[in-house]
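In this text the structure is predicted, and so the values were computed from the model without any measurement.
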Amino acid sequence: MDNHQIARALEEIATLLELTDENAFKVRAYHNAARIVESLRGDIGELIERDELVKMKGIGRALADHIAEIGRTGKLAEYEKMRASVPPDVIQMLLIPGVGPKKVRYLWKKCGIKSIGELELLCQRHMLAGEPGFGAKTEEKILAGIGMLRRFSGSHRLDEALSAALDVHKGMRRWPEVIRSEIGGSIRRRKEVIHDVDILVATEKPEKVMERFVAMPQVQQVIQHGGTKSEVMLKSGIQCDLRAVSEEQYPFALHYFTGSKEHNVDMRGRAKSKGYKLNEYGLFKGAAKKSARCEDEAALFRMLGLDFIPPELRENMGETEAAAKHALPKLLETRDLRGVPHVHSNYTDGEGTIAEMADVARSLGYKYIVLADHSQAVRIAGGMKPADVRRQHKEIDALNRKLKGFRVIKGVEVDILADGTLDFDDKILSSFEFVIAAIHSHFGQPEDEMTQRIIRGISNPFVNVLAHPTGRLLLAREPYAVDLRLVIDAAVKQGVALEINSHPQRLDLDWRWCKYAKDKGARMIIDPDAHSADEIQYVEFGVWVARKGWLEKGDILNCLDADQLLARVNRRK
DNA sequence: GCCGTTTTCGGCCCGACTGTTTTCAGTCG
């Protein structure tokens with residue numbers, strides 16, 4: 001079993017333990033272990049063999065043994081019986097907003113309800129009110145929750161959540177009661193998938209702000225409406241939470257509501273060990289009623305002996321330890337990028353002409369683009385035949401003669417065919433200055449076949465970059481089965497860079513792999529895979545991925561000028 | 001279940017909101 005499968009098994013056990021009313025801290029230990037295993041890069045089999053899991057923080061003797069058993073046998077004997085005793089649809093009920101393990105357990109054990117459908121029926125017939133802890137309002141809330149669950153998946157891509165958040169936030173900033181405000185939560189941490197929008201305001205009149213918030217035109221339904229905290233469902237289908245604090249409390253609250261939860265737990269533990277109590281309202285020494293003063297988040301980190309931790313890093317992946325040792329990376333910034341690789345034109349499935357794409361990139365301050373239209377096999381995108389390539393290269397030459405201080409590099413996104421050969425022969429490939437290789441077909445191959453296919457594809461000496469290494473489409477298509485570890489190792493060996501495809505639908509390479517790739521000596525490029533001129537700005541999303549992955553300027557090839565970039569990649573041939 | 005520069009036992013982050021409650025449990029983040 002691989003890391004992901006083991007993590008899922010641990011999550012499942014944690015959920016089962018919740019339903020059986022097990023010690024909450026034990027439940028947390030399993031959730032925590034699942035997260036650790038999920039973010040582990042490298043071969044968990046080796047760690048199991050060498051019995052090194054137990055050395056990791058959060059995994060003790062018992063969990064290490066359990067993980068080993070799951071890794072070897074695919075299951076955990078101790079929990080098989082429990083799993084068999086809980087009907088799978090009972091677990092589904094936990095997905096209903098407002099329904100947690102305690103309620104599910106009661107409904108299942110005392111009322112015999114085994115599925116969301118049964119629960120819905122009983123609520124509609126008002127047969128639940130009267131049970132201890134359940135009333136008419138609870139029935140309404142459960143029905144609303146079921147409706148919400150059916151209408152909305154509850155997961156949204158970062159670009160969609162961000163634009164919904166900005167829309168609400170823009171309106172809010174005009175209110176006279178709002179002193180300052182910010183979008184926090186996983187959007188501020190730039191996670192690729194978002195569950196809800198968190199907004200924080202500093203104000204002296206929280207009730208007034210809450211009234212305005214729940215009455216906003218973007219609001220579809222009010223879920224909660226309190227004096228300092230409210231939750232609504234937006235018409236866009238995204239849940240939006242608002243918290244209000246005072247000006248003095250704001251930096252503490254901003255840190256708290258940015259998360260992640262795991263980062264916060266770590267920070268609070270750190271505060272506690274230094275004799276403080278940390279919450280969203282302040283940092284309190286001993287039993288003090290009055291908080292230490294911090295004008296911003298940086299001051300809060302300083303109080304705890306830490307360097308400022310950028311929001312993207314706050315995932316409890318070693319950032320506080322690094323901050324304590326003044327060893328945080330100097331993260332990549334968008335202005336470090338000099339050029340834009342991987343843009344498409346109307347030669348294939350792009351909307352813009354080559355000149356239009358170049359113009360927009362130039363107006364954004366970039367020095368070059370790498371045009372990379374599809375090769376012939378990608379019929380649906382109108383892939384280029386050799387004659388199209390020759391025509392395109394003439395057009396680029398003519399354009400480059402006219403452009404001053406900007407360059408269009410002749411590139412291609414060539415398909416890796418099912419057997420690992422490339423869609424153009426070496427003669428045509430040699431006519432390009434920059435070759436990006438990609439998978440666009442036969443996604444269903446078994447893992448070892450896919451892995452070998454990709455490795456064979458990138459071993460062609462004309463290939464410079466492997467595009468979107470897993471092929472995932474967020475919330476739409478799973479990654480294809482591939483051993484990314486072997487692929488990254490092969491890319492490093494071959495001197496092939498890995499793409500951080502910045503299209504918000506892909507964000508592939510995933511940030512969780514960036515650190516592994518970097519440690520192995522890989523280089524990355526950040527590109528928008530732009531199919532129209534306005535998509536060039538997607539590179540920002542790729543920069544966020546790189547930042548989440550602890551990457552610095554020196555890790556990214558398109559922080560180089562065009563000449564340096566080409567000199568660098570041409571060393572292969 | 002984990003963990004230890006106060007601890008190998010007894011802690012484990014902390015608070016808002018809601019609904020069903022006369023003081024609190026459940027849920028959520």
Novice: Which is true for I59(A) with a 4.0 Å heavy-atom rule: it touches a base, it touches only sugar-phosphate, or it touches nothing?
Specialist: sugar-phosphate
Novice: Quantified in whole Å, what is the P atom distance between nucleotide dG15(B) and nucleotide dG10(B)?
Specialist: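 Result for the P pair: 25 Å, nearest Å.
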Novice: Which whole number of Å gives the distance between the P atom of dC14(B) and that of dC9(B)?
Specialist: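 So the two P atoms sit 24 Å from each other.
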Novice: Give me each pair satisfying side chain to side chain donor-acceptor pair (under 3.5 Å) with a member in residues 100-109 of chain A, each pair once, sequence neighbours excluded.
Specialist: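 Every side chain to side chain donor-acceptor pair (under 3.5 Å) pair that includes a residue of residues 100-109 of chain A, provided the two are not neighbours, is Y106(A)-E131(A).
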Novice: For E118(A), give me all partners under side-chain hydrogen bond (donor to acceptor under 3.5 Å, both in side chains), at least two apart in sequence or on another chain.
Specialist: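 Result, side-chain hydrogen bond (donor to acceptor under 3.5 Å, both in side chains) vs E118(A): none returned.
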Novice: With a 4.0 Å cut-off on heavy atoms, is Y256(A) in touch with a base, just the backbone sugar-phosphate, or nothing at all?
Specialist: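 Contact class for Y256(A): base.
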Novice: Between S186(A) and H195(A), is there a side-chain donor-acceptor contact under 3.5 Å, judged purely by atom types and distance?
Specialist: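 Checked: H195(A)/S186(A) side chains show no N/O donor-acceptor pair below 3.5 Å.
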Novice: On DNA chain B, which is the earliest and which the latest nucleotide, 5' to 3', with an atom closer than 4.0 Å to a heavy atom of chain A?
Specialist: dG1(B) to dG29(B)
Novice: Of the residues in residues 260-273 of chain A, which ones touch DNA chain B at a heavy-atom distance under 4.0 Å?
Specialist: V265(A), R268(A), K272(A)
Novice: Regarding V99(A), tell me which of base, sugar-phosphate or nothing describes its non-hydrogen contacts under 4.0 Å with the strands shown.
Specialist: sugar-phosphate
Novice: Taking only residues two or more places apart in sequence or in another chain, which ones pass salt bridge (Lys or Arg N to Asp or Glu O under 4.0 Å) with E204(A)?
Specialist: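 Checked E204(A) against salt bridge (Lys or Arg N to Asp or Glu O under 4.0 Å); zero matches.
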Novice: Return the set of residues passing side-chain contact (heavy atoms from CB on, under 4.5 Å) with D555(A) (not counting sequence neighbours), or none when no residue passes.
Specialist: K518(A), R523(A), L551(A), E552(A)
Novice: Mind checking who dC17(B) pairs with, Watson-Crick or G-U wobble, both distances under 3.5 Å?
Specialist: dG26(B)
Novice: Answer with base, sugar-phosphate or nothing: what part of the nucleic acid does R28(A) contact at a heavy-atom distance below 4.0 Å?
Specialist: base
Novice: What distance, rounded to whole Å, do you find between the two C1' atoms, one in dT5(B) and one in dG1(B)?
Specialist: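 Those two atoms are separated by 24 Å.
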Novice: Side chains of Y516(A) and D489(A) only: does a donor on one sit below 3.5 Å from an acceptor on the other?
Specialist: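 Yes, because at least one side-chain N or O of Y516(A) sits under 3.5 Å from a partner of the opposite role on D489(A).
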Novice: Heavy-atom nearest nucleotide on DNA chain B for L94(A) versus E131(A): which residue maps closer to 5'?
Specialist: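 This one resolves to E131(A).
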Novice: Below 4.0 angstrom, which residues in residues 196-218 of chain A have at least one non-hydrogen atom near DNA chain B?
Specialist: D196(A)
Novice: Can you name the residues that form a side-chain contact (heavy atoms from CB on, under 4.5 Å) with E321(A), not counting sequence neighbours?
Specialist: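 Result, side-chain contact (heavy atoms from CB on, under 4.5 Å) vs E321(A): R270(A).
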Novice: When rounded to the nearest Å, what value does the distance between P atoms of dG11(B) and dA16(B) take?
Specialist: 24 Å
Novice: With rounding to the closest Å, how many angstrom separate the C1' atoms on dC2(B) and dC13(B)?
Specialist: 15 Å
Novice: Show every ring pair (Phe, Tyr, Trp, His ring centres under 6.0 Å) that has at least one partner inside residues 15-41 of chain A, sequence neighbours left out.
Specialist: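 Passing the test, one end in residues 15-41 of chain A: Y30(A)-Y79(A).
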Novice: Verify the distance criterion only: is there a donor paired with an acceptor across the side chains of E540(A) and T334(A) at less than 3.5 Å?
Specialist: yes
Novice: Evaluate T320(A) against L304(A) for side chain to side chain contact (heavy atoms under 4.5 Å, CB included), listing each step before the verdict.
Specialist: CA-CA 10 Å; T320(A) 50; L304(A) 297 176; over 6 Å; no
Novice: List for me each residue that meets side-chain hydrogen bond (donor to acceptor under 3.5 Å, both in side chains) alongside Q5(A), sequence neighbours excluded, and say none if there are none.
Specialist: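 Partners of Q5(A) by the side-chain hydrogen bond (donor to acceptor under 3.5 Å, both in side chains) criterion come out as none, since no residue qualifies.
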Novice: Syn or anti for dT7(B), with syn set at within 90° of 0?
Specialist: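 Glycosidic conformation of dT7(B): syn.
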Novice: Got a sec, which residues hit side-chain hydrogen bond (donor to acceptor under 3.5 Å, both in side chains) with D65(A), two or more places apart in sequence or on another chain?
Specialist: R61(A)
Novice: With a non-hydrogen cut-off below 4.0 angstrom, is F25(A) in contact with a base, only sugar-phosphate, or nothing?
Specialist: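 F25(A): base contact, heavy atoms under 4.0 Å.
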Novice: On DNA chain B, compare the nucleotides closest to T228(A) and Q239(A); which residue's is nearer the 5' end?
Specialist: T228(A)
Novice: Report which part of the nucleic acid I96(A) touches: base, sugar-phosphate, or nothing (heavy-atom distance under 4.0 Å, all strands).
Specialist: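 It contacts sugar-phosphate atoms only.
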Novice: Taking the C1' atom of each, how far is dT18(B) from dT23(B), in whole Å?
Specialist: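 15 Å, rounded to whole Å.
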Novice: Under 4.0 Å, counting only non-hydrogen atoms across every strand here, what does G227(A) touch: a base, just sugar-phosphate, or nothing?
Specialist: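 The answer is sugar-phosphate, as G227(A) gets under 4.0 Å only of primed atoms, P, OP1 or OP2.
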Novice: Suppose you measure atom C1' in dT20(B) against the same atom in dC3(B); what distance do you get, rounded to whole Å?
Specialist: 38 Å
Novice: Mind jotting down which residue pairs meet the ring pair (Phe, Tyr, Trp, His ring centres under 6.0 Å) criterion with at least one end in residues 288-322 of chain A? Sequence neighbours excluded, please.
Specialist: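 Sorted pair list: H255(A)-F301(A), F301(A)-F308(A).
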